[in-house]
Amino acid sequence: MIRIAREEDVDNIVALEAECMPHPWVRDDIRSLITDDKKIAVAAEEDGLIAGYVGASFVLDEAEIGNICVSSAYRRRGIAAALLRELEKELRSQGVTVIFLEVENTNTGAIALYEREGFAMYNKRKDYYGQGKDALLYRKDIA
Ligand SMILES: CC(C)(COP(=O)(O)OP(=O)(O)OC[C@H]1O[C@@H](n2cnc3c(N)ncnc32)[C@H](O)[C@@H]1OP(=O)(O)O)[C@@H](O)C(=O)NCCC(=O)NCCS
């Protein structure tokens, strides 16, 4: 089930971040996605657990995806794509017309996901994450 994340999901999302991300977000940052009215987190609930989530912040008509992750046992089932689509729907209802995100050039899975979901690369920051590790900047117009 894809739904807006709630405060009681914070522990699950903290655990998910620790599992999936080399530099996991701290609890306060995750909690703010839920409590701040200029941020949003969408969660995928499977078997009573949070199998994946996406978090974004927005100002006026622009949003930025801060993080997206899906627990390894639940990957390649379309969960991340469904999260992005629900996020897009929610952001559009908030008046957002463009979504930005940043991804490391070595993260081929995430890049394939974003490109399939209609994001297009518009810039690159060479060696941003270290030698040979560029930051790729993507955007999607959703107006
Ligand atoms: C990237 C990530 C969120 C994808 O989650 P997911 O639920 O497995 O993705 P989906 O099943 O929705 O994938 C949708 C499509 O994206 C592409 N895709 C997703 N993961 C891929 C991978 N590892 N390799 C190649 N293509 C991939 C495919 O086209 C896929 O469709 P298909 O399975 O029919 O081929 C997940 O691998 C993850 O959490 N990775 C670690 C965290 C991370 O890197 N986050 C991004 C930070 S910028």
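Since the structure is predicted, the reported quantities are computational estimates derived from the model, not experimental observations. Counting starts at 1 for both ligands and their atoms, following the listed order.
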Evaluate N67 against Y53 for side-chain contact (heavy atoms from CB on, under 4.5 Å), listing each step before the verdict. CA-CA 8 Å; N67 220 349; Y53 94 104; 3.8 Å; yes

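Annotation: the span from Y74 atom OH to I50 atom CD1 amounts to 10.5 Å, rounded to 0.5 Å.
For residues 45-73, the salt bridge (charged side-chain N to carboxylate O under 4.0 Å, His left out) pairs, not counting sequence neighbours, are R3-E45.
Listed by chain and number, residues touching ligand 1 at under 4.0 Å (heavy atoms only) are M21, I68, C69, V70, R75, R76, R77, G78, I79, A80, A81, E102, V103, N107, G109, A110, A112, L113, Y114, R116.
Residues satisfying the side-chain contact (heavy atoms from CB on, under 4.5 Å) test with V103, not counting sequence neighbours, are L101, N107, A110, I111, Y114, L136, Y138.
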Would you tabulate the side-chain donor-acceptor contacts of residues 77-85 under 3.5 Å, counting partners in other chains and residues two or more places apart, or write 'none'?
unit_1	atom_1	unit_2	atom_2	d
R77	NH2	A73	O	3.4
R85	NE	E117	OE1	2.9
R85	NH2	E117	OE1	3.4
R85	NH2	E117	OE2	2.7

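R75 contributes a side-chain N or O that, together with a main-chain N or O of V70, makes up a donor-acceptor pair within less than 3.5 Å.
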